[in-house]
Colleague: 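The structure is given below, and queries will be raised subsequently.
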Amino acid sequence: MSLHHSGRPVSPDLPTLRVAVLGAGTVGSEVLRLLSQQGSELAHRIGGRLEVIGVAVRDLARDRGAHVPAALLTEDATRLVQEADLVVEVMGGIEPARTLLLDAMAHGASVVTANKALLAQDGVSLYEAADAHGVDLYFEAAVAGAIPLVRPVRESLAGDRIQRVLGIVNGTTNFILDAMTRTGASFENALADAQQLGYAEADPTADVEGHDAAAKASILASLAFHSRVRLADVHCEGITAVSAQDITAAARMGRTIKLLSIVERIEEEGGERISARVYPALIPDHHPLASVSEAYNAVFIEAEAAGSLMFYGQGAGGAPTASAILGDVVSAARARVHGGVGPRESRYAELESIPLEELRSAFYISLTVQDRPGVLAEIAGTLSGYGISISTIHQELLDEHGEEGGHARAHIGISTHRALESAMTASLDVFSSTATVLSIDSILRIEGE
C-alpha cells in the first residue's frame, strides 16, 4: 500500500520507505487510516514516500475494517520486520514485541513504539540495540497519548535542568476519580461506569493498581534526569482503596484526589538523588491538575530556567495515540531519507533512586477511634514522638453507644506538615496495635502546595 494518493501530487523520484506495522487493534487501525489519508502530505514533509508492506496480526480471519486491507495482513511478523525500513509497534506486551523490535533493528530498521510496559521493563536493550545498529527508537505515544511530552523533555528542555514532573498520565483512573468527585459514587460503581463506557478494560488491574502510570513514570524519570530508572525503582500505589469518604474529606479541605506520577530531583548534601513514585494524592483545588477531568491527561513540569510548564490533552484512544505515532514516523523517516539519527539515550548523570521511606511528604490520615477523653492527645503524642506535626484535625461522631455497648466511635481526619515517610510508617504501626484506634481507614499524601 503506497501512501501518496491524497493531497498534492508526489514526485515519483522520491525514495520509498518500507513500513511494517505490528498490531491492528484500535491504535494500529488508526495508524493505517492516517497513513493512508495523509500519505501525500507525509511524503512532502518527509521527502520520501511511505509504503506499508505488511501488518502483523495474530488472527488473519478477523475483520479489521476498511482501513486495514486484508491483503496486507500476515502472521509472519519475523519475516515482515526483516524486510522493513521502519517498524511501527502497537501490539503491546513484552513478548514477542521485544524480540521483534530487536530483530528489526538488527536488520537496519528504525522503530516507533507505543509500548510503555516494554520500555519501562527493558528499555535498556532497545536503546543499546538502536545505538549498536545506528537506527532510531521513538516512543512519544508511550507516555501520554497525543500529548507531546517525550520530545519536549528530551529535546526542547535538553538545555535546561528539570527539577520535577508531576502528572496525571492514566485516563482510566482520572475518569474514575473524577466521577467519584462529581457524583459521590463509590470506587466500585465508578469503575463499573468506566468499563461500560469503554474507558476501563474488563480487567482494569494495570490501570487501577497504578502499574500503567508507574511504567510511564519510569520513562519520564529516565528522560528528565538523564539516568536509567527501572520500573522496580518506582514506588507504586493504585486507587482501589480511595473511598467516597476520602473524596468528601478532600472537598472539605479544598482539595481534590488525583492519581499522580511524580518524578523529582532530590538535592542533598554531597550530591543528589531522584525519586519516582505513583500514588493517589490530595492537591489544592487551585492547582492546574485539579481541574483535569474525565479521561484527560495533564503533566506539570518544573524546570530551572523555563519555570512551570503544563501539557494537557487526550492521553489515550485510537486517533490521539496514532497522532503521536505519526509524528514519530515522520521524524524517523526524515532521518533515513536525509541522513543522521534522532535523539539517543542520555544517561550520563547516573543518579541513584532514593527509597520512599527517606522522602518527606505531607499526609492525610483517616482513623476510626474510640470516642473518649484523651484520644486526640494520645494520637497527637504518637505523631509528635516521630517528629510529625499536625496541620488540621476534623472530628466527627459516628455513634453514641458503639457496638454491643462498647465505647462510642468517632472519625478523625488529620492532615500533617511534611514529615519523613518512615516516621509516618512507624506511627501507623503504633496505631495498628492500640485499642484506641479501631481502624486506619486511609492514608493519603498531600501534594502541589
Colleague: Counting only N and O atoms by type, is there a donor-acceptor contact under 3.5 Å from the side chain of Ser427 to the main-chain atoms of Ala423?
Modeller: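 Yes.
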Colleague: Just by modelled atom types, is the Leu157 backbone N or O under 3.5 Å from a matching donor or acceptor in the Asp160 side chain?
Modeller: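 Not a single qualifying donor-acceptor pair exists.
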Colleague: Short question: side chain of Ser29, backbone of Thr26 - any donor-acceptor pair under 3.5 Å?
Modeller: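 At least one qualifying donor-acceptor pair exists.
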Colleague: Taking the cut-offs as 6.0 angstrom to the six-membered ring centre and 45 degrees off its axis, would you call Arg151 and Phe311 a cation-pi pair?
Modeller: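 No, a cation-pi geometry is absent between Arg151 and Phe311.
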Colleague: Could you tell me the separation between the CG atom of Leu282 and the OH atom of Tyr364, rounded to the nearest 0.5 Å?
Modeller: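 Output value for this atom pair is 8.0 Å.
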Colleague: Donor-acceptor check, side chain of Arg418 to backbone of Arg360, threshold 3.5 angstrom: yes or no?
Modeller: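 It does hold such a pair.
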Colleague: If only atom types and distance count, is the side chain of Asp328 paired as donor or acceptor with the main-chain N or O of Ile325 below 3.5 Å?
Modeller: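 No, because the side chain of Asp328 does not come within donor-acceptor range (under 3.5 Å) of the backbone of Ile325.
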Colleague: Any salt bridge linking Glu447 with Arg164? Criterion: basic side-chain nitrogen under 4.0 Å from a carboxylate oxygen.
Modeller: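 Looking at Arg164 together with Glu447, the answer is yes, because their closest N to O distance falls below 4.0 Å.
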Colleague: Scan for salt bridge (charged side-chain N to carboxylate O under 4.0 Å, His left out) pairs involving residues 294-308, sequence neighbours excluded, and state none if there are none.
Modeller: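 Those involving residues 294-308 are Arg161-Glu304.
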Colleague: Among residues at least two apart in sequence or on other chains, which ones pass side-chain contact (heavy atoms from CB on, under 4.5 Å) with Leu126?
Modeller: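 By the side-chain contact (heavy atoms from CB on, under 4.5 Å) rule, Leu126 matches Leu101, Leu102, Met105, Leu118, Leu119, Leu137.
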Colleague: Main chain of Pro280, side chain of Arg445: is a donor-acceptor contact present, judged purely on distance under 3.5 Å?
Modeller: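 Side chain of Arg445 to backbone of Pro280, a donor-acceptor pair under 3.5 Å: no, none is there.
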Colleague: Checking Thr321 side chain against Gly318 main chain: does a donor-acceptor pair fall under 3.5 Å?
Modeller: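 No; judged by distance alone, with no hydrogens or angles, the pair does not exist.
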Colleague: Pick from Val165, Leu309, Val143, Ile162: which one makes a side-chain contact (heavy atoms from CB on, under 4.5 Å) with Val153?
Modeller: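 For Val153, the side-chain contact (heavy atoms from CB on, under 4.5 Å) test succeeds with only one of Val165, Leu309, Val143, Ile162, which is Ile162.
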Colleague: Glu41 and side-chain hydrogen bond (donor to acceptor under 3.5 Å, both in side chains): which partner among Gln38, His44, Arg45?
Modeller: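 Of all the options given, the one that passes is Arg45.
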Colleague: Does Asp85 pair with Arg18 as a salt bridge, N-O distance under 4.0 Å?
Modeller: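 Salt bridge: yes.
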Colleague: More than 12 non-hydrogen atoms from neighbouring residues, nucleotides or ligands closer than 6.0 Å to CD on Glu75, yes or no?
Modeller: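 Enclosed: over 12 neighbouring heavy atoms sit under 6.0 Å from CD of Glu75.
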Colleague: Without swapping roles, check the side chain of Asp103 against the backbone of Gln82 for a donor-acceptor pair under 3.5 Å.
Modeller: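 No.
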Colleague: Any carboxylate oxygen within less than 4.0 angstrom of a Lys/Arg side-chain nitrogen, looking at Glu358 and Arg273?
Modeller: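 A salt bridge is present here (some side-chain N lies under 4.0 Å from a carboxylate O).
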Colleague: Is a side-chain N or O of Thr416 found less than 3.5 angstrom from the main chain of Phe363, in a donor-acceptor match?
Modeller: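 A pair under 3.5 Å: yes.
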Colleague: Check Arg336 with Asp136, please: is the shortest side-chain N to carboxylate O separation under 4.0 Å?
Modeller: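 Salt bridge absent between Asp136 and Arg336.
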Colleague: According to ring pair (Phe, Tyr, Trp, His ring centres under 6.0 Å), who are the partners of Phe431, at least two apart in sequence or on a separate chain?
Modeller: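 Once residues adjacent in sequence are excluded, Phe431 has no partner under the ring pair (Phe, Tyr, Trp, His ring centres under 6.0 Å) criterion.
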Colleague: Take Asp212 and Lys116 through the salt bridge (Lys or Arg N to Asp or Glu O under 4.0 Å) test and state the conclusion after the steps.
Modeller: CA-CA 8 Å; Asp212 175 83; Lys116 66 262 183 183; 3.2 Å; yes
Colleague: Any salt bridge linking Asp59 with Arg62? Criterion: basic side-chain nitrogen under 4.0 Å from a carboxylate oxygen.
Modeller: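 Arg62 and Asp59: not salt-bridged.
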Colleague: Strictly by modelled atom types, are Ser243 and Asp246 linked by a side-chain donor-acceptor pair under 3.5 Å?
Modeller: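 Yes, Asp246 and Ser243 have a side-chain donor paired with an acceptor closer than 3.5 Å.
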Colleague: Closer than 4.0 angstrom, basic N to acidic O: yes or no for Glu345 and Arg228?
Modeller: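 Here Glu345 pairs with Arg228 in a salt bridge, since their nearest N and O are under 4.0 Å apart.
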Colleague: Just by modelled atom types, is the Val229 backbone N or O under 3.5 Å from a matching donor or acceptor in the Ser218 side chain?
Modeller: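 Yes, Ser218 side chain to Val229 backbone: donor-acceptor pair under 3.5 Å.
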